[in-house]
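Below: one structure, written as structure tokens.
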Amino acid sequence: MTDVRSARTGGADYRPMTESTLAPYLAGFSEVTTTLGGTSSDWKVTEVGDGNLNLVFIVRGQQGSLIVKQALPYVRLVGDSWPLPLDRSFFETQALITENAAAPGLVPKVILFDAMQALVVMEFLTPHIIMRKGLIDGVEFPRFAATLSEFMAQSLFKTSDLYLPAAEKKKQMAVFCANTELCRITEDLVFTDPYRAAKLNHWTSPQLDDIALEFRADGPLKAAAQAMKLKFLSHAEALVHGDLHSGSIMATSTDVRIIDPEFAFFGPMGFDVGALIGNLILAYLSQIGHEETKGGRDAYRVWILKQITDVWTLFSARFVELWSTEGKGDAFTAELFTDAASRAALAEEQARYMRALFEDTLGFAGCKMIRRILGLAHVADFESIADKDLRASGERRALRLGRELVVNRARFASIDAVAAAVVAADATR
Ligand code: SR1
Ligand code: MG
């Protein structure tokens, strides 16, 4: 892992790239020219970034293509009134390298990290599409649950105290500890702003005015959301991706990859699992706006629901399997559990641990659902529904269910109970 001092990105020579300036700049890097082939004047550069923060370019050469992601010194969604450090490209690169070591082949390959221009050059994934777009269009991705459960189990387990020696984990934590500004975005946008009159909040109005106001006065919800925030701030369990929603997944019918870990830091594992499940629930509850005839997406709803249950079931089984077979970290010292009785006690402890992780997952899922409807950054699942009444009806169901997941997370007996709650919420449509 790169020394933390390398996190200094940008500087006097930093400049945001354009479709005209990028190719001549990249021509100086042999890693890039080898992949693209030909000469830089023949490369075709297109800016395709539609995310909230960065510039993203596809660079096509004679021989191959690459993705270039460059950090801007401000939040793209808002503009230069909201400055943001360039070193997020460093954290993204480090996270991709760490994730690839834990779960090989599930993230794009890093070709080059250029600290001066805060840009990372990566493998171009094709013909992959952003999964969120697929969820809106009713596309099934057969490898989704198996890949995401493997990715989360491996990347979370192998950066935790269950696997790493304490000194190595602390060394890795020291690197990602500096990703404070990106964490701060989450602390405000996910856990706090939806529950106060923050300037940049917006929602489908006037349809949701009442519930936005209601949530700001909802003591139990605010206390529960802040309890989740405290976990986010203080539970450095593993290297979490930090923004694991369906927009951070690219997929085809045979392949699934996880992209964009610029929010990575050592935090609670349930934050990743919850982000994923929360976004699947949003996808489910937004289907009302994407079906051509009433019920036209019912089969697709069943598919999404199965991904929710499969992802948790496969993830939790794989995580415990890894713990049982590769649990060589400083937590639960393996030599203490060699006899049958001790192993049985360990199995009981593992079950308790997974139950706590399940409850964290639900709490974080609920927070993520609420922030995408009442906060600054929304999701296309709902935003692309032109009929505001229809959109708001789905959003309201998502808000009610999100609240239930945050406040009453301990009452859900299983992931099947969560799935049943999703179906029940949607039954009022
Ligand atoms: C100001 S950034 C808003 C959101 O975009 C990213 O995708 C993260 O989800 C962040 O919270
Ligand atoms: Mg992102």
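Both counts, for ligands and for their atoms, begin at 1 and track the order of listing.
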Under the rule for salt bridge (charged side-chain N to carboxylate O under 4.0 Å, His left out), what residues qualify as partners of Asp114, not counting sequence neighbours?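 Once residues adjacent in sequence are excluded, Asp114 has no partner under the salt bridge (charged side-chain N to carboxylate O under 4.0 Å, His left out) criterion.
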Tyr14 versus Pro73: any side-chain heavy-atom pair under 4.5 Å?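 Yes, at least one pair of side-chain atoms sits under 4.5 Å.
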Qualifying salt bridge (charged side-chain N to carboxylate O under 4.0 Å, His left out) pairs, either residue in residues 173-187, two or more places apart: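 Non-adjacent pairs meeting salt bridge (charged side-chain N to carboxylate O under 4.0 Å, His left out): Arg184-Asp188.
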Can you pull the salt bridge (charged side-chain N to carboxylate O under 4.0 Å, His left out) pairs that have at least one residue in residues 146-158, sequence neighbours excluded?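 Output for this query lists Glu150-Arg318, Lys158-Glu326.
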Give me the pairs of N or O atoms, one from ligand 1 and one from the protein, that sit under 3.5 Å apart.
{"residue": "ligand 1", "atom": "5 (O)", "partner": "Asn52", "partner atom": "ND2", "Å": "2.6"}
{"residue": "ligand 1", "atom": "7 (O)", "partner": "Asp243", "partner atom": "OD2", "Å": "2.8"}
{"residue": "ligand 1", "atom": "9 (O)", "partner": "Asp243", "partner atom": "OD1", "Å": "2.8"}
{"residue": "ligand 1", "atom": "9 (O)", "partner": "Asp243", "partner atom": "OD2", "Å": "3.3"}
{"residue": "ligand 1", "atom": "9 (O)", "partner": "Arg372", "partner atom": "NH2", "Å": "3.0"}
{"residue": "ligand 1", "atom": "11 (O)", "partner": "Arg371", "partner atom": "NH2", "Å": "2.6"}

Run the ring-centre check on Phe29 versus Tyr25 and record whether the distance is less than 6.0 Å.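 Yes; Tyr25 has its ring centre under 6.0 Å from that of Phe29.
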salt_bridge(Arg88, Glu262) N-O dist < 4.0 Å: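 Here Arg88 pairs with Glu262 in a salt bridge, since their nearest N and O are under 4.0 Å apart.
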